[in-house]
J.: 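Got a structure here, written out as structure tokens. Questions coming.
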There are 2 protein chains.
Amino acid sequence: MKKHIHYECSQGCPVEAALEVIGGKWKGVTLFHLMQGTKRFNELQREIGSVTQRMLTKQLRELEESGIVNRKIYAVVPPKVEYSLTEKGRTLEPILLALRAWGDEHVLAPSPTDKVDNIGVV
Amino acid sequence: MKKHIHYECSQGCPVEAALEVIGGKWKGVTLFHLMQGTKRFNELQREIGSVTQRMLTKQLRELEESGIVNRKIYAVVPPKVEYSLTEKGRTLEPILLALRAWGDEHVLAPSPTDKVDNIGVV
DNA sequence: CGGTATCCGCGCCGATACTG
DNA sequence: CAGTATCGGCGCGGATACCG
């Protein structure tokens, strides 16, 4: 059995690979808020609004494991943890800005130019 | 009215909104392949490689509903269905290209500059 | 060829309770 | 404050069979 076709996209497709990093349920928003600077856990949770503590923790851990987010623990009482983008994470900024612009224009404020061009049945 | 965002991201966050459109499990790859031009169903399935018929259908339907993808049915035997990007879909091209570039550089071919900068414990 | 229909396991995710 | 532990519903998504 030889694999003559294109590369299996599930393994080597760079678009999928990128989306697996930022495509998690709360990762987009989280990253976007971290673009504004270092944030504490509570700060993030408050700003995102509807994320549960459990999920925010999970998403942040995964982002950390992807090398996108840095977790800084202060050994103080009460505990203080700060999250920030790593160098690698900052390379995502243009993409996040592009996503925001696109979402703004084509989802949140659908313009008449976004109407379905045609539905073809021949 | 000025947008004083800093509230509930779950409803009005444009980044999330955009990711909900392209973030489906197979949507990224699918859209990327459709950037190369109009494709038939089988063609897409073969190129993506590991997607099941059921899932590809589902993802394409959702993309269609989002106004991103056009479905053109030819009334012939055997059946022939062609998928293509709509005008709105084509506005995603720069984002898809950026995602591919990022995935290539930072996921598929991790460079030494992507090493964790530091893990801070103060 | 390009789909539905159906079954079903698994893991996501919310809710809640507890902790250092 | 910033988590972890545990339970449980339910929807995602694979496998399979069938259809126009």
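Proteins get letters first, then strands, A, B, ... in listed order; numbering begins at 1 in each.
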J.: How many Å lie between CG on B/L56 and P on D/dC12, as a whole number?
T.: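 So the two atoms are 17 Å apart, to the nearest Å.
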
J.: Are B/N70 and B/L85 side-chain neighbours, meaning at least one heavy-atom pair lies under 4.5 Å?
T.: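 No; the side chains remain at least 4.5 Å from each other.
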
J.: Nearest whole Å is fine: how far is C/dG2 P from B/Y74 OH?
T.: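 So the OH-P distance, B/Y74 to C/dG2, works out to 12 Å.
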
J.: Give the rounded distance in Å between these two atoms: CD of A/Q59 and P of D/dG3.
T.: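 It works out to 14 Å between those atoms.
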
J.: Could you give the NZ-to-P distance, from A/K80 to D/dG3, as a whole number of Å?
T.: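 That distance rounds to 14 Å.
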
J.: Is the backbone of A/V21 close enough, under 3.5 Å, to the side chain of A/S66 for a donor and an acceptor to pair up by distance?
T.: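 Here the side-chain-to-backbone pair does not exist.
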
J.: Is any side-chain heavy atom of A/V69 less than 4.5 Å from a side-chain heavy atom of A/L31?
T.: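 Contact flag for A/V69/A/L31 side chains = yes.
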
J.: Side-chain N or O of A/R61 less than 4.0 angstrom from OP1 or OP2 on D/dG3?
T.: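 For D/dG3, OP1/OP2 do have a side-chain N/O of A/R61 under 4.0 Å.
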
J.: Look at the side chain of A/Q53 and decide which nucleotide, out of D/dC1, D/dT4, C/dC1, has an atom nearest to it.
T.: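 The answer is D/dT4.
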
J.: Mind calculating the distance between CE (A/M55) and C1' (C/dG14) to the nearest angstrom?
T.: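 Between C1' of C/dG14 and CE of A/M55: 9 Å.
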
J.: Quick one: the side chain of B/Q45 and the base of C/dG2, do they pair up donor-acceptor inside 3.5 Å?
T.: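 Counting by modelled atom types and ignoring angles, no donor-acceptor contact under 3.5 Å is found here.
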
J.: Compare side-chain N and O positions of B/Y83 against OP1 and OP2 of C/dC1 and report whether any pair is under 4.0 Å apart.
T.: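 Answer is no, no contact under 4.0 Å.
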
J.: Pick one: which of B/L56, B/T30, B/T57 meets side chain to side chain contact (heavy atoms under 4.5 Å, CB included) with B/Q45?
T.: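 Single side chain to side chain contact (heavy atoms under 4.5 Å, CB included) partner of B/Q45 among B/L56, B/T30, B/T57: B/L56.
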
J.: Examine B/K39 relative to B/Y83 and say whether NZ or CZ is less than 6.0 Å from the centre of the six-membered ring and inside a 45° cone about the ring axis.
T.: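 No; the conditions do not both hold, so B/K39 does not lie above the ring face of B/Y83.
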
J.: Side chain of B/R40 only, please: which of C/dG2, C/dG14, D/dA2 is the nearest?
T.: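 Minimum distance to the B/R40 side chain belongs to C/dG2.
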
J.: Whole angstroms only, please: what is the CG-P distance between A/N42 and D/dA2?
T.: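 Whole-Å distance recorded here is 5 Å.
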
J.: Could you state the CD1-P distance from A/I48 to D/dA2, rounded to the nearest angstrom?
T.: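 Distance check: A/I48 CD1 to D/dA2 P gives 13 Å.
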
J.: Choosing from D/dC1, D/dG14, D/dG3, which nucleotide comes nearest the side chain of B/K25?
T.: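 From the listed options, D/dG14 comes nearest.
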
J.: Does the C/dG3 base have a donor-acceptor partner in the side chain of B/R54 within less than 3.5 Å?
T.: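 No.
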
J.: Regarding B/P79, tell me which of base, sugar-phosphate or nothing describes its non-hydrogen contacts under 4.0 Å with the strands shown.
T.: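 Base contact.
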
J.: I want to check one thing: is the phosphate of C/dG14, taken as OP1 and OP2, less than 4.0 Å away from some side-chain N or O of A/T52?
T.: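 Answer yes for this pair, as a side-chain N or O of A/T52 is under 4.0 Å from OP1 or OP2.
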
J.: Rounded to the Å, how far apart are B/L60 CG and C/dC1 P?
T.: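 That distance rounds to 17 Å.
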
